[in-house]
Amino acid sequence: MSVAVSVAPDVAPDVVSDIAPAPFLEDVPCYGCGGHAARPFIEAQDDLTGKPGTFQFVSCEACGLTYQNPRVSLEHIKDFYDDEYIAHRKTNWGALNKAFDRAMNQLDAAKDGLVSGYVSLDRASEVLDVGCGVGTFLRRLRDRYGAAATGVDFKDLSSYPALQGSEFHCGLFYESPLADRRFDLITMWHFLEHDYDPIRSLKTAHRVLKSRGHVVIEVPRLDSTTFRLFGRRWPGLQAPQHTVLYDRDHLLAFVERAGFEVVDYLPYGAFPAYFYLFTGAAFMVLRGRGLNLKRAIAPYFVGKVLTSPVFAFEKHLNLAMQTVVCRRGR
């Protein structure tokens with residue numbers, strides 16, 4: 001994700017130069033209750049890329065929500081969503097590209113399969129994917145159902161081939177010019193844990209959702225087995241990109257506060273929990289030095305085959321992910 005910053009043409013250059021740069025870190029109140037009193041919860045690093053820095057998560061004394069504080073300011077967080085960020089990555093791995101592409105296609109198929117249990121899409125359907133990344137999920141829905149697809153992302157990814165044919169908005173979701181009650185389906189696949197104002201984003205989703213529409217939200221689950229296994233090396237921390245860590249109760253409280261009615265809660269997601277098991281173990285060994293994905297992809301798939309008997313029961317084990325399916329409250 002990235003923010004497009006522009007300067008109004010009538011602002012004099014000497015005035016612009018006098019504007020103080022934004023601080024790298026900023027203190028924030030609790031996203032849930034607005035409180036300022038919090039206790040330290042855990043420290044984390046950017047274990048995936050190995051970028052320097054240690055970031056602190058705290059737990060609100062009033063409501064118990066766990067969130068990053070201080071957090072990296074919006075003006076600086078875009079540097080952590082560069083081409084090394086996995087959702088935006090352009091791979092150049094030779095023969096291994098096919099394995100990576102196959103894994104991404106399987107993920108999009110899993111998302112489609114999850115959504116199809118609640119929503120029937122056709123050519124009359126309008127779909128919005130918030131935090132759409134390079135747009136392969138939207139392309140699947142366009143190609144398979146003929147649905148009109150719209151994506152929003154913090155980073156300008158409009159040049160990626162999969163987004164051709166989709167409407168794309170770059171910037172903050174709650175600032176995007178989207179009409180009221182427009183969409184039949186809104187998806188947020190690992191978006192909400194990155195958001196700088198999650199309640200506002202959820203209320204925006206409520207505003208642009210049709211009366212009979214559905215919202216599907218998937219995030220890492222803090223009260224999960226993999227967090228207990230890996231602690232500060234848990235991949236769900238993904239500091240500093242992740243701003244909020246949701247357990248089951250807080251995720252449900254957030255969507256209900258935004259006006260949604262919960263249709264279903266799932267202790268799993270489309271995203272494979274095995275990824276958190278593999279990368280969590282790797283992060284424990286590497287201790288902040290970053291994971292070389294090109295070197296890791298072969299052992300990743302070998303491990304996936306070896307652990308497949310366990311992950312056949314993934315939906316019952318509360319391993320890493322959670323999904324909530326919502327509709328507009330009556």
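Because the structure is predicted, anything quoted here is derived from the model rather than measured.
In this structure, R207 CZ and D180 CG are separated by 5.0 Å, a value rounded to the nearest 0.5 Å. Atom CG of L317 is separated from atom CG of L319 by 4.5 Å, given to the nearest 0.5 angstrom. Distance OG1/T187 to CG/D129: 3.5 Å, rounded to 0.5 Å. Rounding to the nearest 0.5 Å places CD of Q45 at 4.0 Å from OG1 of T54. Rounding to the nearest 0.5 Å places CG of L222 at 9.0 Å from CD of Q322. To the nearest 0.5 Å, atom CG of residue L202 and atom CZ of residue F173 are 8.5 Å apart.
Using a 4.5 Å heavy-atom cutoff, the side chains of I199 and Y31 are not in contact. The closest side-chain heavy-atom distance from I42 to F227 is below 4.5 Å. Looking only at side-chain heavy atoms (C-beta outward), L209 and H206 stay at 4.5 Å or farther from each other. Under the 4.5 Å side-chain criterion, counting only non-hydrogen atoms from C-beta, L107 is not in contact with W189. You'll find the side chain of L252 reaches within 4.5 Å of the side chain of V324, heavy atoms only. Between F311 and P272, every side-chain heavy-atom pair lies at or beyond the 4.5 Å cut-off. Between F278 and T307, the closest side-chain pair of non-hydrogen atoms is not below 4.5 Å. Using a 4.5 Å heavy-atom cutoff, the side chains of V216 and T323 are in contact.
Classification of R140 and D112 as a salt-bridged pair holds, one side-chain N sitting under 4.0 Å from a carboxylate O. Salt-bridge formation is not detected for the pair D223/R248: no Lys NZ or Arg NE/NH1/NH2 atom is positioned less than 4.0 Å from an Asp or Glu carboxylate oxygen.
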Working for side chain to side chain contact (heavy atoms under 4.5 Å, CB included), residues T150 and R182: CA-CA 11 Å; T150 300; R182 173 180 169 184; 3.3 Å; yes

Test side chain to side chain contact (heavy atoms under 4.5 Å, CB included) applied to E175 and H169, step by step: CA-CA 10 Å; E175 294 179 352; H169 297 270; over 6 Å; no

Derivation of the side chain to side chain contact (heavy atoms under 4.5 Å, CB included) call for L245 and L237: CA-CA 7 Å; L245 307 179; L237 297 176; 3.4 Å; yes

For side chain to side chain contact (heavy atoms under 4.5 Å, CB included), just list the numbers for F55 and V72, CA-CA rounded to whole Å, side-chain angles, deciding distance to a tenth of an Å, and then say yes or no. CA-CA 9 Å; F55 305 92; V72 179; 3.7 Å; yes

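Y274 has its ring centre less than 6.0 Å from the ring centre of Y300. Under the 6.0 Å cut-off for aromatic ring centres, F254 and Y246 qualify, their centroids lying closer than that.
Summarising the geometry of E314 relative to A273, their closest heavy-atom pair is OE2-N, 3.1 Å, with the distance given to 0.1 Å. Shown here for S73 and P23, the closest heavy-atom pair between the two residues is OG-O, 2.7 Å. Shown here for R142 and G165, the closest heavy-atom pair between the two residues is CD-O, 3.4 Å. Residues L266 and Y118 come closest through the heavy atom pair CD2-OH, 3.7 Å.
No more than 12 heavy-atom neighbours from other residues, nucleotides or ligands sit within 6.0 angstrom of CZ on R123. Applying the 6.0 Å contact sphere to CZ of R212 captures no more than 12 heavy atoms from other residues, nucleotides or ligands.
The one candidate from T226, T279, L229 that meets the side chain to side chain contact (heavy atoms under 4.5 Å, CB included) condition with W234 is T226. The side chain to side chain contact (heavy atoms under 4.5 Å, CB included) test with F183 is passed by exactly one of L178, V127, V215: L178.
With hydrogens and angles left out, the side-chain atoms of D197 and Y174 include no donor and acceptor closer than 3.5 Å. In this model, no donor atom of one side chain and acceptor atom of the other lie less than 3.5 Å apart for T225 and Y276.
Geometric assessment of K111 against the ring of F137 yields a positive cation-pi assignment under the 6.0 Å and 45° thresholds.
Using the six-membered ring where Trp is involved, H194 and H242 have ring planes that are perpendicular, over 60° apart on the 30 and 60° scheme.
A donor-acceptor contact shorter than 3.5 Å is absent between the side chain of H250 and the backbone of T66.
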